[in-house]
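All remarks here apply to the structure that follows.
Just so it is clear, the model here is predicted, and its values are computed rather than measured. Each chain gets a letter, A, B and so on, in the order the sequences are listed, and its residues count up from 1.
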There are 2 protein chains.
Amino acid sequence: MARDTRERIITAAATLFRRQGYTGTGLQQIATESQARVGSIYHFFAGGKDALTVEVIRSGGAAYGAMVGALLANGPDDPVEALGAMFEQAAVDLAATDYADACPIATIALEVASTNEPLRIATAGAFEGWLEGLTTFCHQITDDPTGARDLAVMVLTALEGAFILTRAARDPEALRAAGRSVVQLATAVRARSVDANGAS
Amino acid sequence: MARDTRERIITAAATLFRRQGYTGTGLQQIATESQARVGSIYHFFAGGKDALTVEVIRSGGAAYGAMVGALLANGPDDPVEALGAMFEQAAVDLAATDYADACPIATIALEVASTNEPLRIATAGAFEGWLEGLTTFCHQITDDPTGARDLAVMVLTALEGAFILTRAARDPEALRAAGRSVVQLATAVRARSVDANGAS
DNA sequence: GTCTATATCCGGATAGAC
DNA sequence: GTCTATCCGGATATAGAC
């Protein structure tokens with residue numbers, strides 16, 4: 001049960017942070033939602049709310065990165081189409097969760113960027129991990145290392161930005177439009193790469 | 001002085017919300033920062049914190065939209081280059097403000113999207129206003145109405161997403177990379193449009 | 001319009017019994 | 001490991017003197 005309680009606390013905190021943000025969520029609420037006591041949170045996370053939040057960012061970041069990686073790996077064979085499918089899946093998922101479950105750390109990242117250095121560093125680490133995974137994937141589209149990284153940055157920034165607009169408007173159209181543009185850009189990047197290497 | 005106090009309250013609230021978020025900022029702090037009393041906030045905003053926040057979103061959204069519009073209008077004559085210059089300017093500005101002053105309403109938008117319907121609607125209105133302005137601008141790049149709107153969505157989502165990554169990493173590289181990709185995409189969109197209308 | 005005082009509640013954090 | 005009780009500060013909001 002010990003391990004379970006710790007996991008339940010992390011899961012509850014992750015869900016609440018995603019929907020209400022970091023400052024908007026109290027330890028009391030996390031305890032209630034995870035069927036634990038506030039004392040238990042301090043038992044497992046001696047550093048208090050910040051220590052718990054670092055763990056939420058770390059584990060949530062890893063889980064989300066793995067989920068996106070699996071989605072791209074199991075999607076269409078054509079990597080450009082796989083990117084488009086990912087945006088479509090995000091649009092479907094977000095609408096299905098009443099526009100609540102978008103990026104697990106974006107809200108926290110903006111809240112703490114200028115106010116809490118340890119948490120800011122944790123969010124930066126999660127984003128960098130995702131970028132590395134996406135960059136590897138984008139190497140299937142272009143051989144140019146800088147081009148692959150730039151494309152990966154564009155995929156992630158477009159996704160994060162579209163999450164904001166989609167949640168605000170409660171309309172997945174921004175996510176779909178961003179997906180269309182990413183596909184168009186990736187197509188252009190690939191054409192350029194093929195061109196540079198000589199057409200096949 | 002009456003009018004001044006109200007303005008000072010809105011300005012202070014906007015600055016604090018941008019750096020600490022909505023739930024992370026208290027009325028006491030807003031009062032201190034604006035050299036007013038908490039009672040004065042309730043005098044001017046009978047609806048309390050939410051009424052003040054709606055006004056912050058409304059006026060801040062209009063001001064930011066006007067600023068971006070002026071930046072694009074006074075930038076390079078080539079509209080595609082103007083978009084690239086806008087991202088570069090954003091990178092410079094963000095670094096100059098210690099990575100604090102990015103989008104005035106993005107943090108609020110994510111915090112309230114699932115928890116406060118009146119504020120969520122206010123943020124959606126601000127984003128939609130910006131999108132309309134950007135779409136008009138993008139008509140200089142493509143005649144296709146859907147294409148112009150899609151490009152506008154991409155510009156805004158890439159900008160918002162890059163703000164998140166840039167603030168988290170305290171490194172403007174994400175904004176620069178997003179700018180490069182937006183320029184590349186806009187170039188491809190324009191080529192397509194020219195192609196459809198017959199090359200000049 | 002401005003300012004003080006205060007009501008009520010919730011925040012994070014801690015001590016110690018069990 | 002779990003649970004209760006509690007400290008202390010800060011949150012939003014209100015009442016009323018000036």
Side-chain angles (χ1 to χ4, degrees), chain A residues 1-57 107-108 110-112 114-120 122, chain B residues 1-57 107-108 110-112 114-120 122:
Chain A
M1 201 58 133
R3 191 66 209 260
D4 274 353
T5 301
R6 200 186 119 100
E7 287 304 313
R8 284 205 315 275
I9 291 170
I10 293 174
T11 303
T15 302
L16 292 168
F17 286 165
R18 178 137 78 161
R19 305 188 180 196
Q20 313 176 343
Y22 166 74
T23 50
T25 303
L27 293 183
Q28 194 56 247
Q29 194 181 8
I30 294 171
T32 301
E33 208 74 21
S34 60
Q35 288 172 297
R37 304 295 162 270
V38 173
S40 297
I41 298 179
Y42 280 91
H43 173 72
F44 290 107
F45 303 95
K49 191 183 187 183
D50 278 14
L52 166 59
T53 306
V54 165
E55 187 54 28
V56 167
I57 294 167
T107 311
I108 305 175
L110 285 180
E111 288 180 279
V112 306
S114 301
T115 57
N116 188 317
E117 194 64 1
L119 293 187
R120 189 220 106 216
Chain B
M1 199 61 131
R3 190 66 208 260
D4 274 352
T5 301
R6 200 187 118 101
E7 288 304 313
R8 284 204 315 276
I9 291 169
I10 293 174
T11 303
T15 302
L16 291 168
F17 287 165
R18 177 135 79 158
R19 305 188 181 197
Q20 313 176 342
Y22 166 74
T23 50
T25 303
L27 294 184
Q28 193 58 249
Q29 195 181 5
I30 294 171
T32 302
E33 209 72 20
S34 60
Q35 287 172 298
R37 306 291 162 272
V38 173
S40 297
I41 297 180
Y42 280 90
H43 173 72
F44 291 108
F45 304 95
K49 192 183 186 181
D50 278 14
L52 166 60
T53 306
V54 165
E55 187 54 28
V56 167
I57 294 168
T107 310
I108 304 175
L110 285 180
E111 288 180 279
V112 305
S114 301
T115 57
N116 189 317
E117 196 62 3
L119 293 187
R120 189 220 106 214

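Looking at B:Ile10 and B:Phe44, their side chains never come closer than 4.5 Å, going by heavy atoms from C-beta outward.
The nearest whole Å value for the distance from the CD atom in B:Gln35 to the P atom in C:dG1 is 19 Å. Atom-to-atom, CD of A:Gln28 to P of D:dT6 comes out at 15 Å; the value is rounded to the nearest Å. Nucleotide C:dG11 holds its C1' atom 12 Å from the CD1 atom of A:Ile30, rounded to whole Å. Put simply, CG on B:Asp50 is 16 Å from P on D:dA11, counting in whole angstrom units. Atom-to-atom, CD1 of B:Ile41 to C1' of C:dC3 comes out at 13 Å; the value is rounded to the nearest Å. Between the P atom of D:dA17 and the CZ atom of B:Arg37 lies a distance of 20 Å, rounded to the nearest Å. Between A:Leu52 atom CG and C:dA13 atom P there is a gap of 10 Å when expressed in whole angstrom units. As rounded to whole Å, 15 Å separates atom P of D:dG10 from atom NZ of B:Lys49.
OP1 or OP2 of D:dT2 lies within a sub-4.0 Å distance of a side-chain N or O belonging to A:Thr5.
Checked against D:dA13, C:dT14, D:dG1, the side chain of A:Tyr42 finds its nearest nucleotide in C:dT14. Considering only the side chain of B:Leu27, D:dA13 comes nearest among D:dA13, C:dC3, D:dT2.
A:Ser34 pairs by the side chain to side chain donor-acceptor pair (under 3.5 Å) definition with nothing, not counting sequence neighbours.
B:Gln20 and B:Thr25 share a side-chain donor-acceptor pair at under 3.5 Å.
The environment of B:Gln35 atom CD is sparse: at most 12 non-hydrogen atoms of other residues, nucleotides or ligands sit within 6.0 angstrom.
Within the 4.0 angstrom heavy-atom criterion, only backbone atoms of the sugar-phosphate kind lie near B:Thr25; the bases stay farther away.
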